[in-house]
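Heavy-atom basis, side chains included; hydrogens, waters and symmetry copies ignored. Since the structure is predicted, the reported quantities are computational estimates derived from the model, not experimental observations. A note on names: the letters A, B, ... follow the listed sequences, proteins ahead of strands, and every chain is numbered from 1.
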There are 2 protein chains.
Amino acid sequence: MRSRPTMSDIARIVGVHVSTVSRALDPKTCHLISPDVVAKIGEVAQKLGFRPNAAGASLRTNRSRTIGIVVPDITDPVFPPMIRGVEDVLSERGYAVVLANTDGDEGRESEIVSSMLARSVDGLALASSRFEDKLIPRIGDVPVVTVFRETKKPVAPCVIFDERAGIRHALTHLVSLGHRRIANIAGPRTISTGYTRWEAFEATRRELRLPLDKRLMVFADGFNEQEGARCAEALLARTSDFTAILCANDRLAVGVIDVLRRYGLRCPEDVSVTGFNDMPYADRFVPALTTVRVQQYKAGREAARLLIEAIEGGAARRTRPLRIVLPVELVVRASTGVAAVKGKTRRGIAAAR
Amino acid sequence: MRSRPTMSDIARIVGVHVSTVSRALDPKTCHLISPDVVAKIGEVAQKLGFRPNAAGASLRTNRSRTIGIVVPDITDPVFPPMIRGVEDVLSERGYAVVLANTDGDEGRESEIVSSMLARSVDGLALASSRFEDKLIPRIGDVPVVTVFRETKKPVAPCVIFDERAGIRHALTHLVSLGHRRIANIAGPRTISTGYTRWEAFEATRRELRLPLDKRLMVFADGFNEQEGARCAEALLARTSDFTAILCANDRLAVGVIDVLRRYGLRCPEDVSVTGFNDMPYADRFVPALTTVRVQQYKAGREAARLLIEAIEGGAARRTRPLRIVLPVELVVRASTGVAAVKGKTRRGIAAAR
DNA sequence: TTGTAAGCGTTATCAG
DNA sequence: CTGATAACGCTTACAA
């Protein structure tokens, strides 16, 4: 197959100048050209299967109709729906999406962003930012949105979830089942979700006048099953005096439930467990996970909308960037139940040792 | 922040010509330049945070260090590990990945590919191809690889799994548990996996001298839970004379198990079910799914390797494209058990009516 | 309404 | 070893 036709090819065939072709093919300028010429050009373009060369346009305009999405790891099930949301909105508008994984590495994130800027991305959706972000201010004038996460200083618009409400719902739910001694397996506080969910747990704990016991508090170094398991082990090594565990996300909860089972503790009969995110298939796990449902797909769409607005709506830089907080919803399933009699849990744990 | 520095900026500062800068910065040509000039240029580039403008290079070379990945739907859990595999290999080599979803729509796929070609992608990884593909031959001289799927006519290299072995293992496993009347919920035959798994089921069925009963055969229109449920309903409406269902993938199996439960049938006590893919978390479902494990991540890596080879290794067009078949492995879990007494299953189904 | 011309940043070819 | 120059395909003042 020959190499793709260019505007000059069309110009030559129709017998006009390239610039005329350019104008005729651009909806914004085609009204400047006589209708019949526009029609003719459109026709020929169609017949040749013409597609404007993106590099040429990009070089000239310094825009690429491409946006970058940066996630820690696409295999974490919370991200695909979000990415899909971004893609759905953007592809409709003719934007392409370039995707990269950071594995939570700050250096890598910086490297990736830099390479995306070199590709003249028109915007960036970052799901990889740390709470104390140092990267975004260095990005310059390319629109940036953070998704799922926010930064301590509001340096960019963000689309996040109502973490506080989610944690409050989960904790209140546990208390309503009679739980009083509730452990918290929190996420890394270097990430806004980890930080905020932990903070919300503490705030709600005080509100509900639950006892403070430092042994019931464990911090994970990441939002995954391994860390959930590690933290559960650490918790059980310290104390057995609890009847429920609130986890900062579903994957931690899954790891926790594994360890409970290994210790001969039943969930929810001996220990109730809650997660966060309502990740895909959380309703089919054993036990089905009680968790906080967030709108991952919608977050992606909103992020894309924000980006397009910033890109096309003349970057009306606000003094304080937008902060879109999506509502959440508690989903009660099988991993939570009425509080076990304290003695029973203790015995269960002791027996497992 | 000022706009990114260009080679001219560096040239001006160092006091050389742009072309010298270009050569000095390219590992392939920097030996042509005196070491001290190279050093000087490197230094300045470093200090300015120089990144070559991708559009400029792309326009000139007609290559973009970008490859496109096209999947039906990134929220289907089989794809993220594959995408991650591609990304890992390519990012190491300085390639970026642009991603798009087709939802299985042929027109959309064609549209996406065309838009990617306009972006001068250096290669395409297609996980969206139909068995009777009409698109790939029209792509021209951009390297293409299909992943997870192959085309009837070998028009492009592919990285696939040993579907036949997988189905044979699953069916043999069921027979070894005493099952004889085994239903098959097959995938769409418009897709190579659907076609091949169905064919393999039939071949193995004959080998094992299992009875042929058309009522036990249902074709899904897609690889998802809804279709699994629909097919299970259709199957139960026809007959209750089976003790196991082999499904063409895990998501179908999940939908099937839902319906069985709704009909008061226990899995595996009344009906055994197998899936295919060993999708993430398949080990945590109720019941944990017996399935065929495939190497999604590895497939992605292999596809990327193939693409790089084709792109950089001078497109040595083979007469017959490579066909990489990755081995699979049966994973026996809780969704399969010894065959129920026939009468019992019948009663169970009858009772549920 | 259309043509002219310049230039975006890079690389390849050709001279020196 | 380095410089000059042209060209990739497109957009956009400006001129006609």
Side-chain angles (χ1 to χ4, degrees), chain A residues 2-42 44-45 48-66 94 115 117-122, chain B residues 2-42 44-45 48-66 94 115 117-122:
Chain A
R2 302 179 29 258
S3 73
R4 303 180 72 80
T6 72
M7 285 189 179
S8 329
D9 295 329
I10 298 177
R12 201 176 324 107
I13 293 172
V14 178
V16 295
H17 194 266
V18 246
S19 59
T20 306
V21 176
S22 174
R23 285 189 273 250
L25 258 24
D26 183 346
K28 277 170 198 101
T29 52
C30 66
H31 65 272
L32 298 171
I33 306 291
S34 74
D36 47 333
V37 175
V38 171
K40 188 86 190 162
I41 288 174
V44 174
L48 296 185
F50 171 78
R51 280 282 188 152
N53 177 309
S58 174
L59 187 54
R60 180 63 227 254
T61 60
N62 206 25
R63 297 174 62 287
S64 60
R65 291 225 148 228
T66 297
S115 121
L117 291 176
R119 293 186 143 79
S120 310
V121 290
D122 299 339
Chain B
R2 301 179 30 259
S3 73
R4 303 179 71 81
T6 72
M7 287 191 179
S8 326
D9 295 327
I10 298 177
R12 202 176 324 106
I13 292 172
V14 178
V16 293
H17 195 266
V18 245
S19 57
T20 306
V21 175
S22 174
R23 284 187 275 250
L25 259 24
D26 182 349
K28 277 170 198 99
T29 52
C30 67
H31 65 273
L32 298 170
I33 307 290
S34 74
D36 46 335
V37 175
V38 172
K40 186 87 191 161
I41 288 173
V44 174
L48 296 184
F50 170 79
R51 281 280 189 152
N53 177 308
S58 175
L59 184 55
R60 182 61 231 253
T61 60
N62 207 24
R63 296 172 66 286
S64 61
R65 290 225 147 231
T66 296
S115 120
L117 293 176
R119 291 186 144 80
S120 310
V121 291
D122 298 340

B:N53 side chain, from C-beta outward: closest of C:dT10, C:dT2, D:dG9: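 When the side chain of B:N53 is considered, C:dT10 is the closest of C:dT10, C:dT2, D:dG9.
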Nearest-nucleotide pick for B:L59, side chain only, options being D:dG9, D:dT2, C:dG3: D:dG9
Where each residue is assigned the nucleotide of DNA chain C containing its nearest heavy atom, which of A:V18 and A:S34 is assigned the position nearer the 5′ end?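 Whichever sits nearer the 5' end wins; that is A:S34.
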Tabulate atom names and distances for all N/O pairs under 3.5 angstrom spanning the protein and nucleotides 12-16 of chain C.
| from | atom 1 | to | atom 2 | distance (Å) |
| --- | --- | --- | --- | --- |
| C:dA12 | O4' | B:R60 | NH1 | 3.4 |
| C:dA12 | O4' | B:R60 | NH2 | 3.0 |
| C:dT13 | O4 | B:R23 | NH1 | 3.1 |

Integer-rounded Å distance: [N] [atom2] and [X] [atom1]:
X      : N      : atom1 : atom2 : answer
B:K40  : D:dT2  : NZ    : C1'   : 17 Å
A:R4   : D:dC8  : CZ    : C1'   : 15 Å
B:N62  : D:dC10 : CG    : P     : 11 Å
A:R12  : C:dG3  : CZ    : P     : 15 Å
A:L32  : C:dT1  : CG    : P     : 8 Å
B:R63  : C:dT10 : CZ    : P     : 17 Å
B:L25  : D:dT2  : CG    : C1'   : 15 Å
B:R119 : D:dC8  : CZ    : P     : 22 Å

Test your reading of the model: is there a side-chain donor-acceptor pair from B:S64 to the backbone of B:S120, 3.5 Å cut-off?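 Confirmed, B:S64 side chain pairs with B:S120 backbone.
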Could you pull out all residues at least two apart from B:T66 that satisfy side chain to side chain donor-acceptor pair (under 3.5 Å)?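 Side chain to side chain donor-acceptor pair (under 3.5 Å) list for B:T66, sorted by chain: A:R119.
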Under 4.5 Å between any side-chain heavy atoms of A:T6 and A:N53, yes or no?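 Side-chain contact under 4.5 Å: no.
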Mind listing the side-chain donor-acceptor pairs of residues 14-22 of chain B below 3.5 Å, one per line with the distance, residues two or more places apart or on another chain?
| from | atom 1 | to | atom 2 | distance (Å) |
| --- | --- | --- | --- | --- |
| B:H17 | ND1 | B:S19 | N | 3.1 |
| B:H17 | ND1 | B:S19 | OG | 3.0 |
| B:S19 | OG | B:R23 | NH2 | 3.3 |

A:T20 vs C:dT2: side-chain N/O to OP1/OP2 distance below 4.0 Å: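 No, A:T20 has no side-chain N/O under 4.0 Å of OP1/OP2 on C:dT2.
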